[in-house]
Amino acid sequence: MADKFRLTEGALRLIMKGDQIEDPIMQVLGSKRIASTSADKERFRLLLSDGKYLVSFAMLTTQINDKIVNGELVDNTIIKVKRFITSVINSGGKSNKRVLVILEMETLLPGDQTEKIGNPEHLPETDIDTELDDSTTSNNAKTNGQVNSSSKPAPASTNRIMSKKSANVDLNASLQDHVILPISSLNPYHNTWVIKARVSNKSGIRKWSNSRGEGQLFSMDLVDESGEIRCTGFRDVVDKFYDMIEVDKVYYISKCVIKVANKQFNSVKNDYEMTLINDTIIQECHDADIAIPQTKYDFINIDKIANIETGTIVDVIGICKSVSEVLTFTARSSGRELKKRELILVDQSNSGISATLWGNDAEKFEGSSQPVVAIKGAKIGEFGGGKNLNILGSSILKINPDIPESHRLRGWFDNGGMQQNVTNISAKSSGGGLQTPWLSLKEAQNQPSESVEKGVYFQTKATVLMFRSENCLYKACPTEDCKKKVVDMENGMYNCEKCGRQYPNFKYRLLGSMNIGDWSGNQWVSMFASEAEKVLGMTSEQVGEAAEANPQALTGITDKANFKQFILKCRAKTDTFNDEVRLKTVVIKVDNINYKEYNAHLISRINELQGMNN
DNA sequence: CCCCCCCC
């Protein structure tokens, strides 16, 4: 039986000299797992025989590890080696070794149907060419591809992406002929490696300026079958590599610096990250290799997000059930003009969440067809007790990706999911749409610090004890939605620093501050114009006009608010001012007391206190 | 060496 498959005697001697042999037939005489770092994907070493010689420095590329794992390569198995590379490695100052890596193979005869053929002996070391290749020199160069082209060396002249400044590297060098290491095996202690990775995401070029200097940077996410890694280039390296990198393309990459990733800022699943340097070599890989995966997701159902901490980075897939227009507004904190678009994503957990796209992402998005939206690396945010998602610059957003989860969702949505009532976990006030809880002022003041750091929402029936008249009115920018205080230029013009221009007019706006009391205590609270107007029973404009006519009138107006009672929806949040932490309470909504509702609440509380609710 | 991703 084994006669049918004559081993290619002597093949290993040629191979270990760096030659290529077409489809040599060999016998596996043993295999073992290579001890590796914890982060490493497992690798297997083979004892190979060509019938005459034995080589123990043979490995499988990790893509075909399953052949060992599933028992296909038991001892004595006869294989045809269809694609392989050899490479000289020098690890840790010891003598050089040439290793043989099998990239593609076919089992000709299972090991249990034959036995060891011949009496092979270890290939003498003198027969192994361990001359260190100059930098990245290809072993194929020695045979010029004539013996065999099965490893498909790219013509040296074409499609080469290489840093011009790395001219010291042999331009005939092709990284593809090197041992390709899995991304998961990269670590800071080993710097001679080549990876083959798909660029799954690429940032824009960002400039920074801080106390330590300024510069520019860009980053990209690299992924292979073993894992992923974030890769960043700084300053002039940006100019060198930025344009040549295209998302979704596969590259051979070598000579980067590997350092420990700062997990605080890097959600890519790798303990390390890499930095592009001047010596870095990047070469595009042209043979489409399906073993290099597309984006890796770790999807979480939308309903689960309700219970995940704000700030966490997650992967989410959902149907874009609805989408807002692009909204433009000015950030109160930074004064910057922002653009956003909000999507409602729903999934089979019958939950929905608001996902916000920013800037360019917001403008580009087209969601009218209710597509599947997959997001890798969205950041969980919180507003009014509900959770939402922010699509960051580092997030990967894909529309209708061709992945099973996407097809499953489509099927669900188009066959009934569309009509399902979903729980919107972005709804204001925590607990998924529950009404704002009733707390007394004293209870609100005694909330645990971790709660008030995030903000506690509550409502209470309170009496206005004193509405402050000082500074309750200001002259605001007349532009719609810009509420910034303007500076009177004393020449009939009013300057808005936020809008950066002057206007001949302004708008009066109220800014309410009052002391309120309920049965438990009292509290200073502030509120914006819309709510202050409800308390005073006048519009900002009316108050402004009255004060302009007679400044003395202002105290009369604010005094009228005293002893009025309202249902106040508030947010209590800690605020640090001059190193002092204090509780800041903002009235979000002022409502007149609906006695029917309020009495129902009181009755419910009484029943609760009497233990009659259950 | 960045590390911002914003708003109600």
Side-chain angles (χ1 to χ4, degrees), chain A residues 201-221 230-239 242 256-268 270 273-278 280 310-314 324-343 354-365 375-397 424 426-429 454-455 457 480-484 498 527-531 569-571 573 586-589:
Chain A
N201 204 23
K202 175 187 161 182
S203 77
I205 296 174
R206 198 174 85 238
K207 298 193 188 313
W208 87 84
S209 174
N210 60 27
S211 57
R212 279 166 300 206
E214 54 181 51
Q216 57 172 0
L217 72 121
F218 86 102
S219 64
M220 58 181 168
D221 296 341
R230 164 70 51 83
C231 177
T232 307
F234 294 94
R235 302 176 199 272
D236 45 338
V237 172
V238 175
D239 303 322
Y242 187 78
C256 296
V257 171
I258 309 285
K259 59 172 190 174
V260 174
N262 188 338
K263 302 304 271 184
Q264 193 187 342
F265 304 116
N266 182 347
S267 65
V268 171
N270 198 314
E273 57 192 21
M274 50 199 255
T275 305
L276 298 173
I277 54 173
N278 263 305
T280 296
T310 303
T312 307
I313 304 285
V314 292
S324 78
E325 296 300 304
V326 175
L327 303 168
T328 304
F329 60 93
T330 309
R332 197 181 295 273
S333 51
S334 62
R336 267 198 285 177
E337 181 163 282
L338 303 174
K339 284 190 164 70
K340 70 162 183 179
R341 192 198 288 270
E342 280 187 14
L343 326 183
S354 167
T356 308
L357 292 169
W358 296 94
N360 200 32
D361 285 343
E363 292 186 322
K364 281 187 312 194
F365 186 78
I375 310 159
K376 179 181 167 65
K379 187 178 173 186
I380 298 179
E382 193 164 18
F383 178 61
K387 291 280 173 56
N388 54 48
L389 295 172
N390 277 295
I391 287 86
L392 313 177
S394 55
S395 309
I396 302 175
L397 181 104
N424 182 3
S426 299
K428 287 190 195 180
S429 75
K454 287 186 268 180
Y457 291 79
E480 193 72 28
D481 293 330
C482 176
K483 293 156 183 155
K484 181 83 179 165
K498 198 191 276 184
M527 77 214 83
F528 295 120
S530 60
E531 307 314 300
K569 290 198 171 69
C570 305
R571 185 190 62 194
K573 195 169 186 290
V586 175
V587 176
I588 290 156
K589 198 159 183 281

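We name chains A, B, ... by the order of the sequence lines, and we start the count at 1 in each one. Not measured: the values here are computed from a predicted model.
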| said: Any base atoms under 4.0 Å from A/E273, or only sugar-phosphate, or nothing? Heavy atoms, all strands. | reply: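 Base contact.
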| Across the strands shown, which category fits A/G393 at heavy-atom distances under 4.0 angstrom: base, sugar-phosphate, nothing? |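 Base contact.
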Residue [X], side-chain atoms from C-beta onward, closest of [options]:
X: A/L217; options: B/dC8, B/dC2, B/dC1; answer: B/dC2
X: A/F234; options: B/dC5, B/dC8, B/dC1; answer: B/dC1
X: A/R206; options: B/dC3, B/dC7, B/dC5; answer: B/dC3
X: A/W358; options: B/dC7, B/dC3, B/dC1; answer: B/dC7

Any side-chain N or O of [X] below 4.0 angstrom from OP1/OP2 of [N]?
X: A/K259; N: B/dC1; answer: yes
X: A/K339; N: B/dC6; answer: no
X: A/N390; N: B/dC6; answer: yes
X: A/R212; N: B/dC2; answer: yes
X: A/N210; N: B/dC2; answer: yes

| What is the distance from atom CG of A/N390 to atom CD1 of A/I313, rounded to the nearest 0.5 Å? |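 Here the rounded value is 9.5 Å.
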| Taking A/S395 for the side chain and A/G377 for the main chain, is one N or O donor matched with an acceptor at less than 3.5 Å? |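 Judged by distance alone, yes, a pair lies under 3.5 Å.
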| Can A/F383 be classed as stacking with the base of B/dC8, given a centroid separation cut-off of 5.5 Å and a plane angle cut-off of 30°? |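 So yes, this residue stacks on that base, both cut-offs being met.
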Atom-pair distance ([atom1] on [X]; [atom2] on [N]), nearest Å:
X: A/Q216; N: B/dC1; atom1: CD; atom2: C1'; value: 12 Å
X: A/I391; N: B/dC7; atom1: CD1; atom2: C1'; value: 15 Å
X: A/K484; N: B/dC7; atom1: NZ; atom2: P; value: 15 Å
X: A/E337; N: B/dC6; atom1: CD; atom2: C1'; value: 13 Å
X: A/N262; N: B/dC4; atom1: CG; atom2: C1'; value: 14 Å
X: A/W208; N: B/dC5; atom1: CH2; atom2: C1'; value: 18 Å
X: A/I205; N: B/dC1; atom1: CD1; atom2: C1'; value: 16 Å
X: A/E214; N: B/dC3; atom1: CD; atom2: P; value: 13 Å

| Salt-bridge criterion met for A/E531 and A/K589 (N-O under 4.0 Å) |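 No salt bridge links A/E531 with A/K589.
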| field | For A/L276, the option from A/L217, A/V238, A/T232, A/V237 that meets side-chain contact (heavy atoms from CB on, under 4.5 Å) | value |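 Between A/L276 and the candidates, side-chain contact (heavy atoms from CB on, under 4.5 Å) is satisfied uniquely by A/V237.
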| Greater than 12 external heavy atoms within 6.0 Å of A/K202's NZ |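 Atom NZ in A/K202 is packed in, count exceeds 12.
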